[in-house]
Amino acid sequence: MTKDIATPIRTKAILEKYGFSFKKSLGQNFLIEPNVLSRIVDHAEVTDKTGVIEIGPGIGALTEQLARRAKRVIAFEIDQRLLPILNETLEPYKNVTVIHQDVLEANLSKAIEDSFHDCEEVMVVANLPYYVTTPIIMKLLEEKLPLKGIVVMLQKEVADRISAVPSTKEYGSLSIAVQYYTEAKTVMTVPKTVFVPQPNVDSAIIRLLVRDKPIVEIEDEGFFFQIVRASFAQRRKTLLNNLVHYLPNGKEQKGKIEEALLEIGIDGKRRGESLSIEEFAKLSDHLVKIVSR
């Protein structure tokens, strides 16, 4: 077996060989601890029947660990400077394809169809660049891709928000958006000391297992998320205040919103963070019938 990429000595040698300098704008922080990488792959339960999408492979440290266990890996890398490095570091692994593209612009549905037709399951496993964590996760979920799950390293604060429960300060529209599609669990925290360069924050690994169907049935998904976003627009405001001020035509329809809250037994003086996903679903289904948008 080849030596792990993710050791401080080997990482330093690779970076020096290619004269690579980190770009802060791309959120580049490379892991230099093989045990952490191995545990990420453990949590993703990758086997020789799994097709894996990786996002931001860097110099290939996690890619290598995935390639050793997965049937096939496709890795999306936006930074052209890393392509020759990946070409060298991943040369031993014939089951890896590196694609030079911003994953936010990629046709992932086609990539899955083309690359994983003979795989039993598809996982996304990545050390995500922190500045685009939320857009990437929401793209993966909103496109309703045939994924078993997503296991990613991200900023601990964001992981806390994703897996938060009602009536906590972390709970918000992101918690609801992700938990609507998945079962979310933070499985591990990671200290900043295992990265180069060291980020300013601690990290966490979150596992999102995609539900067979969303956690609640709703009549209008777009409107449901509009209600959720409005309810958290100003956290200190009451639910009624937020809905009136942040729903389109809310001020003109204050009476209808009050009436809806009364009919379904939700106190308008509550704050958004106290409502469960089920309560938001009930509110959305009731309001969609009576308010104009």
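The structure displayed is predicted, hence computed values, not measured ones. We count residues from 1, following the sequence as given.
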Inset, instruction - Please determine if D42 and R69 form a salt bridge, counting it only when a charged side-chain N lies under 4.0 Å from a carboxylate O. - result: yes

Inset, instruction - State, without any angle test, whether T186 and S163 hold a side-chain donor-acceptor pair at a distance under 3.5 Å. - result: yes

Inset, instruction - Indicate yes or no: does K148 engage E120 in a salt bridge with an N to O separation below 4.0 Å. - result: no

Inset, instruction - Would you tell me whether Y130 and S203 have side-chain atoms, one donor and one acceptor, within less than 3.5 Å of each other? - result: yes

Legend entry - Note: R81-D79 ion pair, threshold 4.0 Å (strictly below): yes

Legend entry - Ion pair K289/D285, N-O distance below 4.0 Å: no

Inset, instruction - For a side chain to side chain contact (heavy atoms under 4.5 Å, CB included) with M153, tell me which candidate from I206, L128, T133, V36 qualifies. - result: V36

Inset, instruction - Find out if a path of hydrophobic residues (ILVMFWY) with successive side-chain heavy-atom gaps under 4.5 Å connects L262 to I290. - result: no

Inset, instruction - Work out which heavy atom in A184 is nearest to a heavy atom in I162; give both atom names and the distance. - result: CB-CG2, 4.0 Å

Legend entry - For the student: nearest non-hydrogen atoms of R235 and T168, plus distance: NH2-O, 3.6 Å

Inset, instruction - Say whether, by atom type as modelled, one donor and one acceptor occur between the side chain of S38 and the main chain of P34 under 3.5 angstrom. - result: no

Inset, instruction - Could you verify whether a donor N or O on one side chain and an acceptor N or O on the other, from Y181 and E142, lie under 3.5 Å apart? - result: no

Inset, instruction - Would you please say whether a donor-acceptor pair under 3.5 Å links the side chains of E54 and T63? - result: yes

Legend entry - Short side-chain donor-acceptor distance under 3.5 Å, E263 and H286: yes

Legend entry - Pair D118 + K49, salt bridge at N-O below 4.0 Å: no

Legend entry - Parallel, tilted or perpendicular, as decided by the 30° and 60° cut-offs, for the rings of F225 and Y180: perpendicular

Inset, instruction - Quick one: closest heavy-atom pair of F280 and S231, and the distance? - result: CE2-OG, 3.3 Å

Inset, instruction - Using the side-chain hydrogen bond (donor to acceptor under 3.5 Å, both in side chains) rule, take Y246 and Q226 through it: C-alpha gap first, then chi angles, then the decisive distance, then the call. - result: CA-CA 9 Å; Y246 295 99; Q226 205 175 11; over 6 Å; no

